[in-house]
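The structure appears below as structure tokens.
Nothing here was measured: the structure is a model prediction, and the numbers come from that model. Values below: all heavy atoms of this structure, side chains included; hydrogens, waters and symmetry mates excluded.
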Amino acid sequence: GMKVLEAAAKAASAGMTDTATSAQGITAVLNAYGMEAEDATKVADIMFATVDKGVITFEELSNTIGAVAGTANIAGIEFNELSGLAAYMTTKGIGADEAMTSLNRVIMGIIDPSEKLAEVLQAAGYESGEAAIKAEGLVGVMKLMDEASGGSLTKLQELSPEMRALKASGALLGGGIEELTGYMENFKDTTGATQAALDEQSKSLDYQLDLLKNNIDAIKITLGSELVPEIAKTTGALSDWISKNDDLAVVLTKLVGGAVGGGGLLLLFAWALEKIRGILMTMGTGGAIAGGVVGFIVNLASAIYGLYD
């Protein structure tokens, strides 16, 4: 829905990716955790924090988070904790795909624990790994494993014998549990992380270009294929004129843009397109008039974007 696309467009601009990729990752998390579209902004903020604090791109995160999100939800692990652990692993030299796969194995290894790990959990007062996770969180269970292994890789392997799970456990505990818990403070409250990054980036022309492009992409996704023919008919002449008079268009664009500040015209179109997305949330996409008007602005913005790109 539009709420997902709105969050995706903002996250895409902040995370240096495209709207479709951002929407894919956000939607995967919403589905895995059974969340509503209203949670899209919250998910986007957590994902942006993962990219910001980890060594991972938004595209890599979107393409790999599905490998562990479903398991984490079933185990009772909150998305912010899952994301923090994944981000931490990438800072230890583990790639995005391997980090998600290994983290998934760790969770499964706690849900179905080895004999040694079961003893550790029982000694802590938990009859199952699932009960331990829900009470302590995944970081809390990792702390129990750290205390039981005493820093010994051999003992850690007894607790987490599956190879990929051991790799993840080693990465998470290799720097010490204090380092891990300190790092996880970054993920306790990520509210507004995306917007804060956007506010800082909005000072640059490159950001304005990216925002314009992502807003255009979001509107194109919203409009769908039904209005594409009508929009093409209504705005084809504009695109033809700009392509045939590109030198004049550049001069006019830069003159007007200069009048409202460097890159101001681009920011104006980015703002206008953001408002249009809001309007589309309250009306259907039927109607050639609405399609023509929106299409006009989309094509004009696309043309101006192309001149600067």
Exercise. Using a distance-only test with no angle check, is there a side-chain donor-acceptor pair under 3.5 angstrom linking N63 and Q24?
Worked result: yes

Exercise. Within the distance-only criterion (no hydrogens, no angle test), does the side chain of N73 pair as donor or acceptor with the backbone N or O of A32 below 3.5 angstrom?
Worked result: yes

Exercise. Between I107 and V68, is any pair of side-chain heavy atoms under 4.5 Å apart?
Worked result: yes

For this session: Work out which heavy atom in V51 is nearest to a heavy atom in T57; give both atom names and the distance.
Result: CG2-C, 3.9 Å

Exercise. Are more than 12 heavy atoms from other residues, nucleotides or ligands located less than 6.0 Å from atom CE of M35?
Worked result: yes

Seminar exercise, completed: Distance col, row D97:CG vs T64:OG1, nearest 0.5 angstrom, shows 6.5 Å

Problem set entry | Qualifying side chain to side chain donor-acceptor pair (under 3.5 Å) pairs with a residue from residues 105-121, counting only residues at least two apart or across chains | none

Exercise. Hey, what do you get for CE (M142) to CD1 (I133), rounding to the nearest 0.5 Å?
Worked result: 10.5 Å

Seminar exercise, completed: Contacts satisfying side chain to side chain donor-acceptor pair (under 3.5 Å) that involve residues 132-145 (not counting sequence neighbours) are Y126-E136, E130-K134

Exercise. Between OG of S149 and CG of L117, what distance do you get to the nearest 0.5 Å?
Worked result: 11.0 Å

Problem set entry | Nearest non-hydrogen partners of L5 and A23, listed with the distance | CD2-CB, 4.5 Å

Problem set entry | Test item: I56 and M100 side chains (from C-beta on) under 4.5 Å apart, heavy atoms | yes

Exercise. Going by heavy atoms in the side chains, are Y183 and K53 under 4.5 Å from each other?
Worked result: yes

For this session: Can you see which heavy atom on S83 is nearest to which on I46, and at what distance?
Result: OG-CG2, 3.3 Å

Exercise. In chain order, what residues pass the salt bridge (charged side-chain N to carboxylate O under 4.0 Å, His left out) check against K92, with sequence neighbours excluded?
Worked result: E179

For this session: Kindly indicate, with the supporting measurements, whether the criterion side-chain contact (heavy atoms from CB on, under 4.5 Å) is fulfilled by M184 and L85.
Result: CA-CA 7 Å; M184 292 299 292; L85 291 168; 4.1 Å; yes

Exercise. Closest heavy-atom contact between P113 and I110?
Worked result: CD-O, 3.4 Å

For this session: Taking salt bridge (charged side-chain N to carboxylate O under 4.0 Å, His left out) as the test, write out the residues that go with E158, two or more places apart.
Result: none

Exercise. Out of curiosity, T19 OG1 to I26 CD1, how far, rounded to the nearest 0.5 Å?
Worked result: 9.5 Å

Problem set entry | Verdict with supporting geometry, N80 and T190, side-chain contact (heavy atoms from CB on, under 4.5 Å) | CA-CA 8 Å; N80 60 323; T190 59; 5.6 Å; no

For this session: Keeping the roles fixed (side chain from S102, backbone from A99), state whether a donor-acceptor pair exists under 3.5 Å.
Result: no

For this session: Apply side-chain contact (heavy atoms from CB on, under 4.5 Å) to the pair L153 and L166, showing each step before the final yes or no.
Result: CA-CA 9 Å; L153 182 60; L166 177 63; 4.1 Å; yes

Seminar exercise, completed: Output for pair (E81 CD, K188 NZ), nearest 0.5 Å, gives 11.0 Å

Problem set entry | Pairs involving residues 26-40, ordered by first then second residue, that meet side chain to side chain donor-acceptor pair (under 3.5 Å) (sequence neighbours left out) | K3-E38

Exercise. Any idea which heavy atoms bring S169 and S160 closest together, and the distance?
Worked result: OG-OG, 3.5 Å

Exercise. Given side chains that start at C-beta, do those of F79 and T50 come closer than 4.5 Å, heavy atoms only?
Worked result: no

Exercise. Below 4.5 Å, heavy atoms only, C-beta onward: do L144 and L121 meet side chain to side chain?
Worked result: yes

Exercise. So how far is it from L103 CG to K167 NZ, rounded to the nearest 0.5 Å?
Worked result: 13.0 Å

For this session: Verify the neighbour count for atom CD of E98: are there more than 12 heavy atoms of other residues, nucleotides or ligands below 6.0 Å?
Result: yes

Exercise. Is it the case that one hydrophobic cluster holds both M108 and L138, taking links as side-chain heavy atoms less than 4.5 Å apart, direct or via other members?
Worked result: no

Problem set entry | With T21 via side chain to side chain contact (heavy atoms under 4.5 Å, CB included) - residues at least two apart | T17, D18, E59, S62

Problem set entry | Heavy-atom closest pair, residues Y88 and L172 | CE2-O, 3.6 Å

Exercise. Taking C-beta and beyond as the side chain, do T191 and K42 meet within less than 4.5 Å on heavy atoms?
Worked result: no

